[in-house]
2 protein chains.
Amino acid sequence: MTSRTPRKSRSTSGIAASANGPSASSISAVAALAGVSTATVSRVLNRSKPVNAETQQRVEAAVSQLGYRANPFARSLTSGESRLILVLTPDFLNPFFAEIVQGIESVTRRSGYSILLSQASDTAPLDTVYERLVDGVISLAHLRDPKALSGTDRKHNLPWVACSEFRPDDDIPYVSIDHRQGAIDAVQYLLNRGHRRIALLTAAEDYTWARQRRIGYEETLRRAGLTVDPALIRVARGTEYADGIEAVGGLLSLQDLPTAIFAVADTLAIGAIKALRRAGRRVPEDVAVVGFDNLHLAQVFEPSLTTIAQPMRELGQAAVELLLGQLAGEKPVSRMLPHTLVVRESG
Amino acid sequence: MTSRTPRKSRSTSGIAASANGPSASSISAVAALAGVSTATVSRVLNRSKPVNAETQQRVEAAVSQLGYRANPFARSLTSGESRLILVLTPDFLNPFFAEIVQGIESVTRRSGYSILLSQASDTAPLDTVYERLVDGVISLAHLRDPKALSGTDRKHNLPWVACSEFRPDDDIPYVSIDHRQGAIDAVQYLLNRGHRRIALLTAAEDYTWARQRRIGYEETLRRAGLTVDPALIRVARGTEYADGIEAVGGLLSLQDLPTAIFAVADTLAIGAIKALRRAGRRVPEDVAVVGFDNLHLAQVFEPSLTTIAQPMRELGQAAVELLLGQLAGEKPVSRMLPHTLVVRESG
DNA sequence: CTGAAAGCGCTTACAG
DNA sequence: CTGAAAGCGCTTACAG
């Protein structure tokens, strides 16, 4: 808020506000200067109703002369909308989410909405202030019951879009790639390259995307007549590099090492490569590694990563469009975006 | 906003609001249920004035029964504060900023403030809606005139803290490391290792930190009796990996290659290493590389990065504390936090 | 096309 | 300790 001066007197009438020290001018100051009512100023500002051209010019002149911008609290209190969208992400540190947010921002910026970015995790539950502040939510995070941020939310029916992390059986609209198919493509690629002992480096399965990718992995192995060896499935604690390093540790003590690892995130793949190298293994000569996401880092890391590319910007953009559609009263239709296999050095 | 139902009738009195379909209940509904006035409910909610213990319990019971949460717009409109802080970052993709934001969040979360995260750049100027929405700003970004987000801001005197990117001669309080000294430590380290031809990979100098680090670089060379060779100073377009790769390109065509590169960001250092490798140079054997920041990636990348470590979480935390102090009426005192040299494989 | 006025949901002097 | 009521700065039927 730009005006922090507490209200002093209850007798301050509209026009006097413009003399209110360094505080922002109010709509009544603009009205007075332009010689019109506040209703007219409001109409000009919001283009909500036709206004005489000459009147409009006077108002606009007054607005710019006073440097007036509407008080968003007053506006939202009356209009019932804030033009604010909450973006819920599990982790600011994972570049995957950052890229999606870039996509989200590119659309909101030109549609008059602003975003409010928040990290959501089970340990640090969502700030409930946000819920009543925003017109809708785009969630990249996993929430036990997404619709129930806090007790009362189910009732309030906050418009909601799931991005990448979604539940197919839910009624929440979503935008995502086909995680299962992405995993199938990755594992099939490794099979085609002659690998038969393929490990899976995955994340905690409260994430749908992790579960779906595991299913794709297992399905592909079975379809190829191979058995799924539980010893070759490693679950990382999170998706940071260190989590990948740690999770792969157990693999290295196996007598019969896998010849390939499919990691469900590029960050985990990079951690895996690091761990393999520390153990004196070469990638891809001794062990091939395939990642998921295609972060910018994937082509810079050495060896560069073979990975499943997600259209991250497009995911973000599509999520906003879906949400904005909902806000406009359209019925949401979920979308699957295409992924691609990018072959580089690591596998 | 959770209640999107437009107001239908002007005769809806307070209590009726609770029957208002699926919308959030209002303070008058709570008051009615508890058998007190809205003033008393407000006092209980904000602990702003003593309330009889038994009354308080009745109010609290009503609040939880109705799942009531205050409408933040109405609250802010009257109270004059939003408990929202704007965090301005140049680039979501650079993990350096993500780590600082983590630090910021850890403090705001427990102090009742929420953050609003926005990317600011010259090409995409700040969303002016934010300015009137927040109680204060923490900026990691470079702005020509930080106090003048838009025309009228100077007047409004939005409390402001600069984090890492600051101007020593400004009156804006800041939290940062000593960029010049960090560069001195990096370059001196390379000199101590016997390097005499040390290149600088820097960023556009509208960033103070980039300018300060160049100054430290030049100073250290001169103090060692060396001349500064302009051919060895490369300015990257941004701070992404690709910018580092591109900027180092020119260096590689030099007849007399440097034996070391000091990059003013880890992301640039990684780009530089990538470019060197592509050109068939070994790091550190042919060319040593020292970075800046100490991202998580710095110890995972191969070769791991020798770098100047910034206390990123602490920078974020200190920035919030400084801003909150200002909001509480304290006079801000800027702080310099310590950095350290971390020696690893790259140089 | 325009204005007077009610109302959005809170907080806070003011007066008990 | 508590309540009636004004006021925060907007928007929007309603009535010209």
Side-chain angles (χ1 to χ4, degrees), chain A residues 1-18 20 23-32 34-56 58-59 68-82 132, chain B residues 1-18 20 23-32 34-56 58-59 68-82 132:
Chain A
M1 308 198 59
T2 50
S3 153
R4 298 191 55 77
T5 340
R7 179 183 31 149
K8 300 145 201 157
S9 142
R10 51 206 335 170
S11 59
T12 314
S13 72
I15 301 177
S18 64
N20 211 5
S23 91
S25 55
S26 72
I27 195 172
S28 50
V30 175
V36 299
S37 71
T38 61
T40 298
V41 176
S42 175
R43 284 172 195 130
V44 171
L45 257 29
N46 302 311
R47 312 188 184 305
S48 49
K49 275 199 169 183
V51 168
N52 175 30
E54 195 246 340
T55 311
Q56 176 169 343
R58 282 215 315 281
V59 171
Y68 171 76
R69 274 161 304 142
N71 178 321
F73 300 104
R75 173 172 278 179
S76 293
L77 183 58
T78 51
S79 71
E81 61 170 23
S82 65
R132 302 215 43 187
Chain B
M1 309 199 59
T2 50
S3 153
R4 297 190 55 77
T5 340
R7 180 183 32 151
K8 300 146 201 156
S9 142
R10 51 206 335 168
S11 59
T12 314
S13 71
I15 301 177
S18 65
N20 211 4
S23 92
S25 56
S26 73
I27 195 172
S28 50
V30 175
V36 298
S37 71
T38 60
T40 298
V41 176
S42 175
R43 284 172 195 132
V44 170
L45 257 29
N46 302 311
R47 312 189 184 305
S48 49
K49 274 199 170 184
V51 169
N52 175 29
E54 194 246 342
T55 310
Q56 176 169 342
R58 283 215 314 283
V59 171
Y68 172 75
R69 274 161 305 141
N71 178 320
F73 299 104
R75 173 173 278 180
S76 293
L77 182 58
T78 51
S79 72
E81 61 169 23
S82 65
R132 301 216 42 186

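Only a predicted model underlies this, so the values are computations on that prediction, with no experimental measurement involved. Worth knowing before you read on, the calculation uses all heavy atoms, side chains too, and leaves out hydrogens, waters and symmetry mates. Protein chains get the first letters and strands the later ones, always in sequence-line order, with residue 1 at the start of each.
Look at A:T78 and you won't find any side-chain N or O under 4.0 angstrom from OP1 or OP2 of D:dT11. The shortest distance between the side-chain N/O atoms of A:N71 and the OP1/OP2 oxygens of D:dC8 is not below 4.0 Å. Of the side-chain N and O atoms in A:T55, one or more sit less than 4.0 angstrom from OP1 or OP2 of C:dT2. For D:dT11, one of the phosphate oxygens OP1 or OP2 lies less than 4.0 angstrom from a side-chain nitrogen or oxygen of A:R75.
Distance from the side chain of B:S26 is smallest for C:dC10 among the nucleotides C:dC10, D:dT2, D:dC14. Residue A:N52 places its side chain closer to C:dC1 than to any other of C:dT11, C:dA5, C:dC1. Side-chain atoms of B:I27 lie closest to C:dT11 of the nucleotides C:dT11, D:dA13, D:dC10. If you check D:dG9, C:dC14, C:dC1 against the side chain of B:K49, the one that comes closest is C:dC14. When the nucleotides D:dA4, D:dC8, C:dT11 are ranked by their closest atom to the side chain of B:A39, D:dA4 comes out on top.
With DNA chain C read from its 5' end, the first of the two nearest nucleotides for A:T38 and A:A74 is the one closest to A:T38.
Judged by distance alone, the side chain of B:T78 and the main-chain N or O of B:A74 form a donor-acceptor pair under 3.5 Å. A donor-acceptor pair under 3.5 Å links the side-chain atoms of B:R132 to the main chain of A:R69, judged by distance alone. A donor-acceptor pair is defined here as one N or O able to donate and one able to accept, closer than 3.5 Å; no such pair exists between the side chain of A:N46 and the backbone of A:S48. Proximity of a side-chain donor or acceptor of A:T55 to a complementary backbone N or O of A:V51 within less than 3.5 Å is not detected. Looking only at distances, no side-chain donor or acceptor of B:T40 sits under 3.5 Å from a matching main-chain atom of B:V36. A side-chain donor-acceptor contact under 3.5 Å links B:S76 to the backbone of B:E81.
Comparing C:dA5 with C:dC1, their P atoms are spaced 23 Å from each other, to the whole Å. For the P atoms, the distance linking D:dA13 with D:dG9 amounts to 23 Å, nearest Å.
Rounded to whole Å, the distance from CG on A:L77 to C1' on C:dC10 is 8 Å. Look at CD on B:E81: it is 18 Å from P on D:dC8, rounded to the nearest Å. Computed from coordinates, the A:F73 CZ to D:dT11 P distance equals 14 Å when rounded to whole Å. Whole-Å rounding puts the B:R43 CZ to D:dT2 C1' distance at 6 Å. In this structure, A:N46 places its CG atom 9 Å from C1' of D:dC10, rounding to the nearest Å. For the pair B:R47 CZ and D:dC1 P, the computed distance is 15 Å after rounding to whole Å.
B:S48 comes within 4.0 angstrom of no nucleic acid atom, judged by non-hydrogen atoms across all strands. Among the heavy atoms of the strands lying under 4.0 Å from A:T40 are primed sugar atoms or P, OP1, OP2 only; no base atom is included.
For the salt bridge (Lys or Arg N to Asp or Glu O under 4.0 Å) test, residues two or more places apart in sequence or in another chain that qualify with A:R58 are A:E54.
Between A:S26 and A:Y68, the shortest heavy-atom distance links the atoms C-CE1, 3.6 Å.
At a cut-off of 3.5 angstrom, counting only N and O atoms as typed in the model, there is no donor on one side facing an acceptor on the other between the side-chain of B:R132 and the base of D:dG9.
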Task: DNA chain D base-pair string [pairs: Watson-Crick or G-U under 3.5 Å; |: paired with another strand] - done: |||.||||||||.|||
